[in-house]
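The structure appears below as structure tokens.
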Amino acid sequence: MCEANVKVNSTFPDISAIAFGKKAITSDYAEEKAELRGWASEIDSTFERAIAFPKWFYRKAKRPFSNPENSPYAEEQALSRLSDALTNVVTLTLKDREATTLISRIRRAFYIQNNSAIADRLTNLFVESKEDDPDEVGINSDSLNNYIKFIQSNPRLKKASIGITSDKNIYVRWEADKNKFLSIHFLQKDKAQYVIFKPDDRKQQETRRLYGTVPTDSLMEEIEPRGILEWISE
Amino acid sequence: MKGDEIPKKDCVARLCKPSTIENQRILAAAFMLRLDEESLSVNWLEKLDSTRSTAIDKLRRIYASKFPGGIKVSAKIAVVNVGEVLNKIEEELGAEHIIKILHNPTVTDESHAGIYNIEADNHLIIAELISSAIQEDGVFQARE
């Protein structure tokens, strides 16, 4: 018979640390649940299963394996694959909870212009995105956090069109007309790409195009001198 | 043939998910690559049929078979002319940063193509320029 308990301890990740190491379970999330339609219960049940499963598996693995033919190496590999899969599930559900918590913060941030409309749009995008790709995050929480920092620092902005990129990042666009707009792609590492199309001051029939990648906290400094604040602010 | 440049007079179509559309308007987010993707997936319409409506119908059937979970009612197909996209990007970024639109057929999709050479630093401006090339009569429901 083969005792596997030592291997379990050495290969198993500390799921509780992954699950509770971040501030993921908050009252904010509870508030946002109502807006998430079926996805709140989906996220919750996946999370509960992911937390419960290691306890069950650990208890089972501590008992001697019934098949003495199993090599310790094969068991270790199997355990490693299982622990990776579990870590992925827990990480995914935590990321989704982070995103929904952030959306909830916007909903309660009354000082941000159009905060409810923005939160509604983000919630719809989250749900659409999860329906399209259930095994991926709904919205990348780092990109969303980046966007929120930007609108918190600039709370008088008009409501922009908001979309989600293939990488689940936030894309926003303020448009005065087809050749006069600002778009921003909020990346994951406190950076943002921007594009400005605007009529050329000297040749009105021509369009000037300006673009670049900057840290999010200097984004407004970068775009303000371009003379676009008047049409993106309330 | 695989790797051939798609003629400038021809058009390619891109499936746009509902999360890239607001108020019926397709956003540039629809033309942004994933970090791990080499090319932006499109379909060569003239490879499917010389008539636009027939080509779009065939494309819908390809999408339906590619996505067994189904295509959402609100998803759209955006059509752009290859020459117009290449000209816009060359004019803006210069010839050294020009993208390539190449035929990349698969076993199940003979019309599959890709937009290559999208550099990370120019990701957003390229997506905006492609979306600005969407033809006025070039937006269709992705599902009938």
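Just so you know, these numbers come straight off a predicted model, no measurement behind them. Letters go in sequence order (proteins before strands), and every chain restarts at 1.
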Pairwise side-chain contact, B/K72 with A/E131, heavy-atom cut-off 4.5 Å (strictly under): yes
Side chain / backbone / both / neither for B/I71 at chain A, heavy atoms under 4.5 Å: neither
Side chain, backbone, both or neither of B/A30 within contact of chain A (heavy atoms, under 4.5 Å): neither
Student check: side-chain heavy atoms of B/R25 and A/S161 closer than 4.5 Å: no
Nearest heavy atoms of A/D167 and B/L33, plus distance in Å: OD2-O, 3.8 Å
Closest non-hydrogen atom pair, A/D132 against B/P18: OD2-CD, 4.0 Å
Pairs of heavy atoms under 4.5 Å with chain B: top-ranked of A/T213, A/I162, A/L125: A/I162
Donor + acceptor pair across side chains of B/E37, A/S166 (<3.5 Å): no
Atom pair CD (B/E128) and CZ (A/F197), whose distance is rounded to the nearest 0.5 Å: 6.0 Å
A/Q188 portion near chain B, given a 4.5 angstrom heavy-atom threshold: neither
Sole candidate of B/N122, B/D121, B/I126, B/L124 that passes side-chain contact (heavy atoms from CB on, under 4.5 Å) when paired with A/Y211: B/N122
Distance in Å, A/K159 NZ paired with B/E22 CD, rounded so as to fall on 0.5 Å steps: 4.0 Å
Selection from B/T20, B/L27, B/N23, B/D36 maximising heavy-atom pairs under 4.5 Å formed with chain A: B/L27
Flag if over 12 foreign heavy atoms under 6.0 Å of NZ, A/K191: no
Exceeds 12 heavy-atom contacts within 6.0 angstrom, atom CD of A/E234: yes
B/E136 atom CD: more than 12 heavy-atom contacts under 6.0 Å: no
Smallest separation among heavy atoms of A/E128 and B/S19, with atom names: CB-CB, 4.5 Å
Spatial distance of atom NE2 (A/H185) from atom NE2 (B/H123) [nearest 0.5 Å]: 6.5 Å
Audit row: B/L129, A/R209, side chain to side chain contact (heavy atoms under 4.5 Å, CB included) steps and yes/no: CA-CA 10 Å; B/L129 291 168; A/R209 292 181 280 268; 4.1 Å; yes
Heavy-atom proximity to chain B below 4.5 Å, by part of A/Y194: backbone
Heavy-atom contact with chain B under 4.5 Å, split by part of A/A192: neither
